[in-house]
Peer 1: 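One structure, pasted below without further comment.
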Amino acid sequence: MAHFGDYQNEIYLAGLHGVIPRVPVDFATLEARATAAMPPSVLNYVQGGCGDETTQDRNAEAFSHWGMTPRMMVDCTKRDLSIELFGLKLPSPLFMAPIGVTGICTQDGHGDIAAAKASVLTRVPLVASTLSNDPLETVAQTLGDMPGFFQLYTPRDKALAESLVHRAEAAGYKGIIVTLDTWVTGWRPRDLNTGNFPQLRGHVLTNYTSDPVFRAMLGDAINDRAAVVQRWGATFGKVLTWDDMAWLRSLTKLPLILKGICHPEDTRRAIDTGADAIYCSNHGGRQANGGIAAIDMLPAVVEAAGNTPVLFDSGIRTGSDVVKALAMGARAVGVGRPYVYGLALDGVEGAAHVLKCLLAEADLMMAVNGYPTIADVRKAGVTRL
């Protein structure tokens, strides 16, 4: 039986022939290499956080004050990291979190397609962003039979929002993830100091320019980049309230997942008003500074959610981070910046390598600590250090 941890054997065996990984296996070296390789404008947008980036840093650091206790004399020669989510049987709990500038993170400007190909290679689901350099349909076609999800930045224009959701449903995505915390952009000094905002330069707007409702808004000006950007700015960012839930729920029969929920009261209200899953996230510290680390808010969200699935991201850097989030009750765990760094360094293969490393580390942690299944991980739980 093959295990994700077997990937380390591939690396060691290749080393016998003088072949070492083109992309680092650890996050610190990966980030350093990507920092040196990526264009500053793209790097600052991907790497930067809100304010002085305290919350962003805290997201990652907080995992160090949670620990797991190993159990010995347990047969872990066979391990199972598979999960069920919305009726889908997935080989692992890992997914690729939505990142709005994935498209410009590869030299060819088709990072969204590269991410989809990495998803197919690793069987790690991709959450495709509204902000994309390729139409959501093309990304879905690249995924083939690999399940993917569509992340919605809800436009102010309801007809445009409905069009985007209906397109995603028709393209075969398995769920709609509505981001709640980005109706306005947080204070991001790295981008402000260089006056750089990719969307205002016409990047990653293809889902808009390929949309019939958006095109009708512009008419003949659809090929005028300045007009496109102006119209995009005028329609981006609907302020969502609980009163909008009935409308959101009416848009699709697909699972509806609310992203940005960090409070147990919001969790309960989301479920009561029709959400099929909760996505606990503070946007990686990119939208608001001065907050609590997302992982520290996860337990209360999971408790409030009951049997409703909870997805999680923010601060995932290692395979052990993934296992700790699972131990705290997350059904599936999203990774963001690391796979984008992999894309920037080596395209499809780079992103796939990063995902394989995360899965290998998670699998080996479970093996060594005596947790052959995710159920065992959850039963073991975590201890605050």
Side-chain angles (χ1 to χ4, degrees), residues 1-38 60 63-64 68 70-83 90-96 102 105-108 111 113-126 142 144 146 316-326 333 335-374 376-377:
M1 178 180 177
H3 294 99
F4 293 115
D6 295 341
Y7 189 52
Q8 74 169 353
N9 298 333
E10 294 181 32
I11 294 173
Y12 284 135
L13 290 172
L16 295 176
H17 301 283
V19 179
I20 62 173
R22 292 197 300 268
V23 174
V25 304
D26 67 292
F27 179 75
T29 312
L30 174 69
E31 185 173 49
R33 285 268 305 277
T35 298
M38 295 174 73
F63 283 90
S64 66
M68 299 187 70
R71 302 300 301 271
M72 296 295 104
M73 306 293 282
V74 178
D75 184 357
C76 290
T77 53
K78 294 181 180 180
R79 299 175 300 281
D80 183 5
L81 275 70
S82 66
I83 65 166
L90 301 172
S92 86
L94 191 65
F95 67 90
M96 301 162 74
T102 303
C105 289
T106 55
Q107 292 184 2
D108 65 0
I113 299 300
K117 290 179 178 179
S119 173
V120 172
L121 283 177
T122 60
R123 310 307 289 175
V124 173
L126 171 69
T142 305
M146 181 64 205
I316 297 294
R317 301 290 182 264
T318 68
S320 64
D321 293 343
V322 173
V323 177
K324 289 178 186 179
L326 295 171
V333 181
V335 61
R337 289 180 179 93
Y339 89 76
V340 167
Y341 290 155
L343 279 177
L345 291 174
D346 196 23
V348 175
E349 294 295 335
H353 168 77
V354 169
L355 296 171
K356 289 177 182 179
C357 288
L358 288 165
L359 289 171
E361 184 180 2
D363 179 41
L364 292 168
M365 178 183 179
M366 290 171 59
V368 173
N369 278 357
Y371 313 133
T373 69
I374 292 176
D376 294 313
V377 167

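Keep in mind the model is a prediction, meaning the values are calculated, not measured.
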Peer 1: Given side chains that start at C-beta, do those of M38 and C105 come closer than 4.5 Å, heavy atoms only?
Peer 2: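 Heavy-atom side-chain distance check passes, below 4.5 Å.
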
Peer 1: Going through the distances and angles, do E349 and R22 end up as a side chain to side chain contact (heavy atoms under 4.5 Å, CB included)?
Peer 2: CA-CA 9 Å; E349 294 295 335; R22 292 197 300 268; 4.0 Å; yes

Peer 1: So T102 and Y339, side chain to side chain contact (heavy atoms under 4.5 Å, CB included) or not? Walk me through it.
Peer 2: CA-CA 10 Å; T102 303; Y339 89 76; 3.9 Å; yes

Peer 1: To the nearest 0.5 Å, what is the distance between CD (Q8) and CD (E10)?
Peer 2: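 The CD atom of Q8 sits 10.5 Å away from the CD atom of E10.
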
Peer 1: Decide yes or no for M366 and T373: does some side-chain heavy atom of the first lie under 4.5 Å from some side-chain heavy atom of the second?
Peer 2: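 No, side chains not in contact.
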
Peer 1: Kindly compute the distance separating CD1 (I374) from OG (S92), expressed to the nearest 0.5 Å.
Peer 2: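 I374 atom CD1 to S92 atom OG measures 7.5 Å (nearest 0.5 Å).
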
Peer 1: Under the side chain to side chain contact (heavy atoms under 4.5 Å, CB included) test against P338, which residue among V354, I316, L343, T318 passes?
Peer 2: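 One option only clears the test, and that one is V354.
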
Peer 1: Enter the distance from L121:CG to K117:NZ here, rounded to the nearest 0.5 Å.
Peer 2: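 Taking CG in L121 and NZ in K117, the distance rounds to 9.5 Å.
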
Peer 1: Might you work through the side chain to side chain contact (heavy atoms under 4.5 Å, CB included) test for V124 and L359, ending with a clear yes or no?
Peer 2: CA-CA 10 Å; V124 173; L359 289 171; 3.9 Å; yes

Peer 1: Side-chain contact, heavy-atom cut-off 4.5 Å: D108 with I113?
Peer 2: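 Answer no - side chains too far apart.
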
Peer 1: Heavy atoms only: give me the nearest T106-G111 pair and the separation to one decimal.
Peer 2: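 Looks like OG1-N, 3.0 Å.
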
Peer 1: Using the rule given for side chain to side chain contact (heavy atoms under 4.5 Å, CB included), can you reason through M68 versus Y371, listing the C-alpha separation, both sets of side-chain angles and the distance that settles it, and then say yes or no?
Peer 2: CA-CA 11 Å; M68 299 187 70; Y371 313 133; 3.5 Å; yes

Peer 1: State, to 0.1 Å, how close T142 and A116 come at their nearest heavy-atom pair, and which atoms those are.
Peer 2: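 Looking at all heavy atoms of both residues, the shortest contact is CG2-CB, 3.7 Å.
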
Peer 1: Any donor and acceptor pair, going by atom type alone, linking the side chain of K356 with main-chain N or O of Y7 inside 3.5 Å?
Peer 2: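 Side chain of K356 to backbone of Y7, a donor-acceptor pair under 3.5 Å: no, none is there.
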
Peer 1: Which value, rounded to the nearest 0.5 Å, describes the distance between M365 atom CE and K324 atom NZ?
Peer 2: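 So the gap between those two atoms works out to 6.0 Å.
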
Peer 1: Determine whether more than 12 heavy atoms belonging to other residues, nucleotides or ligands lie under 6.0 Å from atom CZ of R123.
Peer 2: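 Enclosed: over 12 neighbouring heavy atoms sit under 6.0 Å from CZ of R123.
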
Peer 1: Should the heavy atoms of other residues, nucleotides or ligands under 6.0 Å from CD1 of I20 be counted, would the total exceed 12?
Peer 2: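 No, the 6.0 Å shell around CD1 holds no more than 12 heavy atoms from other groups.
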
Peer 1: Looking at D6 and A2, would you say the former's side chain and the latter's main chain have a donor-acceptor pair under 3.5 Å?
Peer 2: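 Not a single qualifying donor-acceptor pair exists.
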
Peer 1: Quick one: are P70 and V368 in side-chain contact, heavy atoms under 4.5 Å?
Peer 2: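 Result no, sub-4.5 Å side-chain heavy-atom pair not found.
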
Peer 1: In Å, rounded to the nearest 0.5 Å, how long is the span from CG of D26 to CD of E361?
Peer 2: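 Nearest 0.5 Å value for the CG-CD distance: 9.5 Å.
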
Peer 1: Which distance, rounded to the nearest 0.5 Å, do you find between the CZ of R337 and the CZ of F27?
Peer 2: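 One gets 7.5 Å once the value is rounded to the nearest 0.5 Å.
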
Peer 1: Any non-hydrogen side-chain atom of N369 less than 4.5 Å from a side-chain atom of V377?
Peer 2: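 No, their side chains stay 4.5 Å or more apart.
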
Peer 1: Using every non-hydrogen atom in the two residues, find where S119 and L126 come nearest and quote the distance to one decimal.
Peer 2: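 Scanning both residues, the minimum pair turns out to be OG-N, 3.7 Å.
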
